[in-house]
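Have a look at the structure below, then the notes.
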Amino acid sequence: EPSGKDRHKYTLYLSIDGNFKQQLKIKNCDPDDIELFIAFFSRKENVEAYFKLTPPNVEKSTCANLKAHNLQSQMKFISMVVSGVVSCKCSRHDLYMPGATVDLKKGESFAYTDFALRQALKGFENYTEIVCSYDIACQYHKKIQSRFDKHFPSCETAIANMRFHVPKLHGHGHSEDCRYEFSFDYASNVGRTHGERIESGWAEGNLAGPSTREMNAGHRHETLSCFYNEWNFQQIVKLAEYLSKKLYEARQQIPVKQNHFDKLTEGMGDERVASWRHLDTTPFRKDGTVVSVYRVPDVSVPSMDAIESRLEKAEVNLQSGMALNKPAKFIALGIKLEARQMALKSKSLGHDANLTRVQNEIEAKRVKLRAAIDTWRKDQTLYMPDIMKFVSEASKVEEERLLLPSSLGPSRRDFPWYTSLSNFERDLRKGQATDALTNLRLSLKYKDSLRTERKQVAYGNRNRTRASVLLERVADLVDHRADTYRRARDALVELGMAATDKEFPVLDPKDVVLKMVYSPKGLGTGKYTGSWIWEEGPRGVLSDAEEDEWEEEGMC
């Protein structure tokens, strides 16, 4: 029963992960070929008896940005009777634990993971200080209590008190909510634990993969157990040197961090610090969103749809008698048509544009877009009659100029309708730029998650090709959304916004990156802030009171 300040000394750190390199092919084997010793795998009869009691389905992740786990279900593991292994290791010293490695049959079902975890908990069934690291912990922990109550009731105390976290490297592939709720960065009594050590063991063991997948079942278990045992032995041999290095680094860092913290505290004032000390650091969910003292609330920035709805009710938004839409709606449709043009152009230049199926899709989209533009031109004739003589139909509909107010040169702006229509477009472009940034951040997370996990979940040339095509499509999506923001910003500049405006900065290629790539942290990496696109909304839309509140949250 440790006290709060030395809780970390007595904590059992476990790490769970699946590995899809250590497979076993379908082949005619001697049914009596069993392993001659039991080490890091469990007895075959125990495993089979357990799986007869569990459902065979593979649960998919509901985390919005966690694509790797769902991607596994797309890969069929053709010609494999064992698709990989899942293992539960000691995360503090990176040691394989007896009986805590289980063969996977169809992806990473939680039933397999539960069995591996149960084996690792032998001797710790009633222990209350356990931290478990798993790259899909946000999904795995949800029903674990009920599953263990049903199949492993002796572990009720351990599971009820277990804390689940996502490894730091995998964390940036999750949604913002998951990171604040499950990241080691915001957890108490875990020190500098990152939860990624289990990956280094796979790198070593995977060298045996090409051989063991050809073996009989028993021979494979024996060979992999020897690899795991050698890994444990080497860890013990090198442990003293490793711990002494970490101790030296910690002693060097303590005065640096303490001095920095003391200066911050002194600058904030006693009254502020006293109130902040009483804040609960435990994250919780409110209205479906994770609330944490470490999370600065998002700035509410209206989307293009919200701005369009507001403009629809404006007094100056008077519909022409013959028009199909009001002026604000007419401009909004024009911007959406322009977006469709950009999307179609991006698709025609995509990595898979030479495929017959994709070419047919492009032609079908061109026909629909041509019809939509022709309908929109009818309203343009009524609202912008003076520029219709400059309208010309392009051979490819995605290259046709729509002639919205922002695209008109100075000599074509001296018309009575220009001011009102350009004001509508200015407001709508701000919403478009905001939407584009939101979508760009999301697609960057998709891209990074797929790129990071592709090698683990896509084995074989066929599946690697499928994963590569998917990655190329997401890369095209990133480029398209970045171009959408740049187009919206260019339009705003043409409509009078200063080129140096801080609300919508220039988006350079170097800015199209993730907020932070978690890796084993060294001195100074914790100060990296990344690209400006990860700021919580444009600051220029805040009032003075909101600005003060924002600053106060940041200081806290």
Side-chain angles (χ1 to χ4, degrees), residues 302-305 307-308 310-312 314-346 366 369-436 480-501 503-507 538 540:
S303 65
M304 182 174 172
D305 288 341
I307 293 175
E308 182 183 342
R310 173 171 56 81
L311 293 178
E312 186 69 18
E315 294 182 0
V316 295
N317 189 32
L318 299 177
Q319 184 170 354
S320 173
M322 300 292 292
L324 300 172
N325 301 285
K326 290 183 178 182
K329 184 71 172 179
F330 159 71
I331 295 295
L333 288 174
I335 293 176
K336 291 175 181 178
L337 288 173
E338 182 186 76
R340 287 173 63 181
Q341 285 182 307
M342 293 179 63
L344 185 56
K345 190 172 184 179
S346 176
R366 280 173 175 160
L369 183 57
R370 165 54 59 200
I373 290 178
D374 289 344
T375 301
W376 182 78
R377 292 288 191 200
K378 296 176 181 178
D379 278 355
Q380 189 175 34
T381 304
L382 298 173
Y383 289 121
M384 305 172 68
D386 306 281
I387 54 91
M388 295 309 295
K389 58 185 176 183
F390 302 110
V391 173
S392 60
E393 187 173 309
S395 57
K396 294 183 178 179
V397 67
E398 64 267 27
E399 297 177 356
E400 185 171 322
R401 295 187 64 197
L402 298 180
L403 297 179
L404 287 161
S406 60
S407 63
L408 302 180
S411 61
R412 299 177 182 175
R413 297 180 180 180
D414 192 19
F415 301 112
W417 46 261
Y418 178 79
T419 301
S420 61
L421 293 184
S422 62
N423 288 337
F424 285 139
E425 185 178 1
R426 184 181 300 109
D427 287 343
L428 290 165
R429 290 290 188 182
K430 289 182 178 180
Q432 183 188 30
T434 301
D435 289 346
H480 167 63
R481 289 174 173 176
D483 289 341
T484 300
Y485 172 82
R486 295 186 182 108
R487 175 65 190 99
R489 185 185 183 279
D490 290 344
L492 285 169
V493 172
E494 289 295 328
L495 293 169
M497 185 185 80
T500 57
D501 190 276
E503 184 176 349
F504 296 103
V506 174
L507 181 64

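Computed from a predicted model, the values in this text were never measured in an experiment. Quick note: numbers below take in every heavy atom, side chains included, and nothing from hydrogens, waters or symmetry partners.
- The shortest side-chain heavy-atom distance between L333 and T375 does not fall under the 4.5 Å cut-off.
- With salt bridges taken as basic N to acidic carboxylate O contacts below 4.0 Å, none links K345 and E399.
- A pairwise comparison of heavy atoms in S422 and L495 identifies CB-CD2, 3.8 Å as the closest pair.
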Trace of the side chain to side chain contact (heavy atoms under 4.5 Å, CB included) decision for R340 with E398
CA-CA 8 Å; R340 287 173 63 181; E398 64 267 27; over 6 Å; no

Pair D379, K329 - check side chain to side chain contact (heavy atoms under 4.5 Å, CB included), show working.
CA-CA 10 Å; D379 278 355; K329 184 71 172 179; over 6 Å; no

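- The two residues F424 and P327 make their nearest non-hydrogen contact at CE1-CB, 3.7 Å.
- Smallest separation of non-hydrogen atoms from M388 and T381: CE-OG1, 3.6 Å.
- With a 4.5 Å cut-off on side-chain heavy atoms, D483 and H480 do not count as touching.
- Across every non-hydrogen atom of I387 and L403, the tightest pair is O-CD1, 3.9 Å.
- Of the inter-residue distances, the one linking K430 atom NZ with D435 atom CG reads 14.5 Å to the nearest 0.5 angstrom.
- At least one donor-acceptor pair closer than 3.5 Å links the side chain of E425 to the backbone N or O of S406.
- A salt bridge does not link E393 with R377: none of the charged nitrogens is closer than 4.0 Å to a carboxylate oxygen.
- Counting only distance, with no hydrogens or angles, the side chain of S346 and the backbone of M342 share no donor-acceptor pair below 3.5 Å.
- Taking CZ of R429 as the start and CG of L492 as the end, the distance is 7.5 Å to the nearest 0.5 Å.
- Minimum interatomic distance between A488 and Q432 (heavy atoms only, all atoms of both residues): CB-OE1, 3.4 Å.
- Using a 4.5 Å heavy-atom cutoff, the side chains of W417 and P385 are in contact.
- Contact check on D374 versus R370 returns a salt bridge, with a Lys/Arg side-chain nitrogen under 4.0 Å from an Asp/Glu carboxylate oxygen.
- The CH2 atom of W376 lies 9.0 Å from the CD atom of E338; values are rounded to the nearest 0.5 Å.
- Using cut-offs of 30° and 60° on the angle between ring planes, the pair F330 and Y383 is tilted.
- In this structure, V493 and A499 approach most closely via the heavy-atom pair CG2-CA, 4.4 Å.
- Looking at R412, its side chain never comes within 3.5 Å of a backbone N or O of P405 through a donor-acceptor pair.
- At least one donor-acceptor pair under 3.5 Å links the side chain of Q341 to the backbone N or O of E400.
- Distance alone, capped at 3.5 Å, is enough to place a donor-acceptor pair between the Q380 side chain and the L402 backbone.
- Looking at R401, its side chain does come within 3.5 Å of a backbone N or O of S407 through a donor-acceptor pair.
- Distance alone, capped at 3.5 Å, places no donor-acceptor pair between the R413 side chain and the T419 backbone.
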May I have the step-by-step check of side chain to side chain contact (heavy atoms under 4.5 Å, CB included) for L421 and M384, ending in yes or no?
CA-CA 9 Å; L421 293 184; M384 305 172 68; 3.5 Å; yes

